[in-house]
Protein chains: 2
Amino acid sequence: MNQYQAEQMFIDYFSQLGGGFTADSFASLGVSAQLCYYDKGEYLIEQGCAAPKLFFLATGLVRYVSVSPTGKAFTQSFAQAPSLAGSTRAMVGQTPALFSIEVLEPVICLVFDWAEFFSQMKNQPGFLESYCALLEALFIGKEERENSFVQLSAEQRYLQFIDQYPHLLPRIPLQFIASYIGVTPVALSRVRKKLQLSGSD
Amino acid sequence: MNQYQAEQMFIDYFSQLGGGFTADSFASLGVSAQLCYYDKGEYLIEQGCAAPKLFFLATGLVRYVSVSPTGKAFTQSFAQAPSLAGSTRAMVGQTPALFSIEVLEPVICLVFDWAEFFSQMKNQPGFLESYCALLEALFIGKEERENSFVQLSAEQRYLQFIDQYPHLLPRIPLQFIASYIGVTPVALSRVRKKLQLSGSD
DNA sequence: GTTACCACTTAACCTGGGTTAATTACTGCG
DNA sequence: CGCAGTAATTAACCCAGGTTAAGTGGTAAC
């Protein structure tokens with residue numbers, strides 16, 4: 001994976017969001033990106049710190065995790081390549097990030113300075129529409145997740161997770177799934193036991 | 001409140017989002033809006049139905065409420081004028097709305113057809129940036145709410161509500177606040193009793 | 001091999017909040 | 001005025017999920 005390939009993936013990713021964004025090359029956009037590598041266990045951004053960078057994951061898998069004042073970790077989401085990653089809040093509001101981004105599988109990514117990236121890209125025809133489409137999708141996702149937390153039991157949220165991310169299930173430790181669906185690993189273990197007792201699959 | 005005044009409020013509202021959107025009049029935008037009135041108890045959109053309209057509330061107060069399959073109502077948010085209202089998901093995805101918008105205090109609003117509105121407005125300089133800013137704010141709000149549900153107790157969520165919306169507290173029935181913070185009215189009543197016993201304010 | 005370190009499970013106990021239902025306002029209405 | 005109908009409180013009971021702690025693999029380092 002070289003920089004050129006990553007940039008091509010990025011352009012493809014953005015084009016398929018809808019919104020009519022197209023581009024031949026990064027050079028023509030006038031944005032500069034740095035190709036970076038992160039190993040499992042490293043962090044792209046850290047909770048409490050400034051996080052003005054936008055990441056485009058060409059390979060790898062990460063999770064967004066926030067730790068409460070009482071020390072409990074909560075996984076807000078997973079993101080697997082190809083995907084953008086970063087804290088919208090920290091980028092646009094220039095406030096400290098409310099979560100860390102932890103690498104679960106080795107990441108190769110492009111790193112942009114958000115302010116520079118946005119000021120360049122907003123003049124590209126179709127970019128803002130694509131970005132809006134992306135934001136809409138993010139928002140809708142959060143809305144659905146909000147509903148899950150309020151209206152579903154831990155068991156139902158686990159089944160929903162399996163349904164939505166079957167490919168992630170074998171790749172991430174159960175404790176992370178537990179922290180994603182908002183229960184303790186102990187509780188998730190109970191749920192799994194109960195499920196394998198009833199349905200025998 | 002006449003249509004002209006409402007349109008002026010709308011333009012002001014959009015201008016102050018940031019993003020550089022400005023306009024002299026609706027006429028110059030080429031978008032058509034209908035001025036509508038809704039009484040307390042009526043609905044702007046209804047769960048399960050198509051909801052291709054965007055509302056701009058010039059006066060009034062509404063809540064977004066969804067009812068689960070088991071019949072439990074959950075208040076996703078409140079919106080008071082001046083504010084936009086509508087289901088992003090239903091507008092952009094042309095799917096049925098996942099919630100209803102219920103009028104709590106009489107509403108005077110402008111009603112737009114989203115598809116028409118967006119196709120006209122996206123060509124206005126600065127509009128897309130303002131719309132992005134709006135979406136970012138919505139997304140960040142949901143993210144914070146997600147955190148509250150996972151990391152705070154019912155009591156803490158209630159205190160947070162009072163802190164965030166002190167002006168709404170005396171205006172809406174307790175049961176709606178309960179359904180907003182994700183507990184039953186009975187549980188909220190317990191919380192309030194406990195609070196007035198400890199701190200005497 | 002053995003020691004150490006994880007991830008995961010299981011059991012025992014506890015608690016926050018749900019459920020049901022009775023009681024007490026508060027309101028508008030005939 | 002009395003009588004609905006609705007909102008809020010309170011009490012009694014219940015349960016999903018948290019907490020603590022002990023047990024069971026699995027694997028990497030020595």
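All heavy atoms count here, side chains included; hydrogens, waters and symmetry mates do not. Letters go in sequence order (proteins before strands), and every chain restarts at 1.
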Quiz item: Which value, rounded to the nearest 0.5 Å, describes the distance between A:Gln76 atom CD and A:Leu98 atom CG?
Solution: 7.5 Å
Self-check item: d(CZ, B:Phe149; P, C:dG16) in whole Å
Solution: 19 Å
Quiz item: Can we call the ring centroids of A:Phe99 and A:Tyr64 under 6.0 Å apart?
Solution: yes
Quiz item: When the distance from CD of A:Gln156 to P of D:dA16 is rounded to whole Å, what number comes out?
Solution: 12 Å
Exercise. Name the closest nucleotide to the B:Arg190 side chain, picking from C:dC8, C:dT19, D:dA8.
Key: C:dT19
Self-check item: Nucleotide nearest A:Val186 when distance is taken to its side chain, options D:dA21, D:dA8, D:dG18
Solution: D:dA21
Exercise. Mind checking B:Pro185 for me? I need base, sugar-phosphate or nothing, with any heavy atom below 4.0 Å counting as a touch.
Key: nothing
Self-check item: Stacked cation flag A:Arg63 on A:Phe176, 6.0 angstrom / 45 deg
Solution: yes
Quiz item: In whole angstrom, what separates A:Leu169's CG from C:dA7's C1'?
Solution: 15 Å
Quiz item: According to a strict under-4.0 Å criterion, is A:Lys194 in side-chain N/O contact with OP1 or OP2 of C:dT9?
Solution: no
Quiz item: Just how far, in rounded Å, is P of D:dA7 from NZ of B:Lys40?
Solution: 9 Å
Self-check item: A:Leu188 CG - D:dG17 P separation (whole Å)
Solution: 11 Å
Quiz item: Which is true for A:Glu155 with a 4.0 Å heavy-atom rule: it touches a base, it touches only sugar-phosphate, or it touches nothing?
Solution: nothing
Quiz item: Of all the nucleotides listed (C:dA7, D:dA7, D:dG18), which has the minimum atom distance to the side chain of A:Val183?
Solution: D:dG18
Practice problem: List the steps and the verdict of side chain to side chain donor-acceptor pair (under 3.5 Å) for B:Glu7 and B:Gln3. | Solution: CA-CA 6 Å; B:Glu7 289 177 359; B:Gln3 179 136 5; 3.1 Å; yes
Quiz prompt | Atom-pair distance (CZ on A:Phe74; P on D:dG18), nearest Å | solution = 12 Å
Quiz item: Expressed in angstrom and rounded to an integer, what is the separation of B:Ile172 atom CD1 from D:dA8 atom P?
Solution: 10 Å
Quiz item: Taking the side chain as C-beta and beyond, is there a heavy-atom pair between B:Tyr180 and B:Tyr165 under 4.5 Å?
Solution: yes
Exercise. Take atom CD of B:Gln151 and atom C1' of D:dG18, then tell me their distance rounded to the nearest Å.
Key: 15 Å
Practice problem: Have a look at A:Arg192 and say if it touches a base, only the backbone sugar-phosphate, or nothing, with a 4.0 Å heavy-atom cut-off. | Solution: sugar-phosphate
Quiz item: Would you say a side-chain N or O of B:Thr184 is under 4.0 Å from OP1 or OP2 of C:dG18?
Solution: yes
Practice problem: For the side chain of A:Ser153, starting at C-beta, report the closest nucleotide among D:dG17, D:dT20, C:dT19. | Solution: D:dG17
Self-check item: N or O in side chain of A:Lys193 less than 4.0 angstrom from C:dA11 OP1/OP2
Solution: yes
